[in-house]
Amino acid sequence: MGIFEVFMLAYLPIGTLLLNKWRKRIYYSNAKRRGLYLLVSIAMAALPFIYVSSIQEERSALGVVLAGTGLFWFAIVGSRSSAT
């Protein structure tokens with residue numbers, strides 16, 4: 001298991017926790033903060049996938065699966081309503 005896989009195993013739960021806390025704080029905020037939240041959640045979803053598909057030379061099956069999981073997971077978490 002490489003460093004990317006270890007990073008992704010920590011990134012998924014910690015990133016989810018941070019996005020959930022941030023989403024609860026922006027419930028009564030303006031559209032700028034909600035837009036920033038949306039951009040950050042999209043970036044959190046896309047960056048590991050971009051890294052695996054274009055930058056990383058030696059791809060492992062676990063790394064690809066974790067990047068794909070992060071792609072869909074942060075897209076789902078980021079698109080949830082701030083009321084929940």
Engineer: Do Leu71 and Tyr51 belong together in a cluster built from hydrophobic side chains that touch within less than 4.5 Å?
Structural biologist: no
Engineer: Taking a hydrophobic cluster as the set of Ile, Leu, Val, Met, Phe, Trp and Tyr residues connected by side-chain heavy atoms closer than 4.5 Å, whether directly or through intermediates, do Phe4 and Val65 fall within one such cluster?
Structural biologist: no
Engineer: For residues Pro48 and Ala43, report the shortest heavy-atom separation together with the two atoms involved.
Structural biologist: CD-O, 4.4 Å
Engineer: Would you find more than 12 non-hydrogen atoms of other residues, nucleotides or ligands less than 6.0 Å from Trp73 atom CH2?
Structural biologist: no
Engineer: Once rounded to the nearest 0.5 Å, what's the spacing between atom CG of Leu9 and atom OG1 of Thr69?
Structural biologist: 10.0 Å
Engineer: With rounding to the nearest 0.5 angstrom, report the OH to CH2 distance, Tyr37 to Trp22.
Structural biologist: 8.0 Å
Engineer: Of all the heavy-atom pairs spanning Val52 and Gly63, show the shortest one and how long it is.
Structural biologist: CG2-O, 4.1 Å
Engineer: Tell me every residue that passes ring-ring contact (aromatic ring centres under 6.0 Å, His included) with Phe72, counting only those two or more places apart in sequence or in another chain.
Structural biologist: none
Engineer: Between Arg33 and Asn30, do the side chains contain a donor N or O and an acceptor N or O under 3.5 Å apart?
Structural biologist: no
Engineer: Give the intermediate values and the outcome of side chain to side chain contact (heavy atoms under 4.5 Å, CB included) for residues Met44 and Val40.
Structural biologist: CA-CA 6 Å; Met44 288 179 74; Val40 168; 4.0 Å; yes
Engineer: Would a hydrophobic clustering, with Ile, Leu, Val, Met, Phe, Trp and Tyr connected at side-chain separations under 4.5 Å, put Leu17 with Leu12?
Structural biologist: no
Engineer: For Ile50, enumerate each residue passing the side chain to side chain contact (heavy atoms under 4.5 Å, CB included) test, keeping only those at least two apart in sequence or located in another chain.
Structural biologist: Ala46, Ser54
Engineer: Specify whether Tyr11 and Phe7 have parallel, tilted or perpendicular ring planes, treating 30° as the upper limit for parallel and 60° as the lower limit for perpendicular.
Structural biologist: parallel
Engineer: Side-chain heavy atoms nearer than 4.5 Å, only ILVMFWY residues, links allowed to pass through others: does that put Leu39 and Leu47 together?
Structural biologist: no
Engineer: Measuring from atom OG of Ser41 to atom CG of Leu36, what distance do you get when rounded to the nearest 0.5 angstrom?
Structural biologist: 9.5 Å
Engineer: Give the cluster check for Leu19 versus Leu38: same hydrophobic cluster or not, with ILVMFWY residues linked at side-chain heavy-atom distances below 4.5 Å.
Structural biologist: no
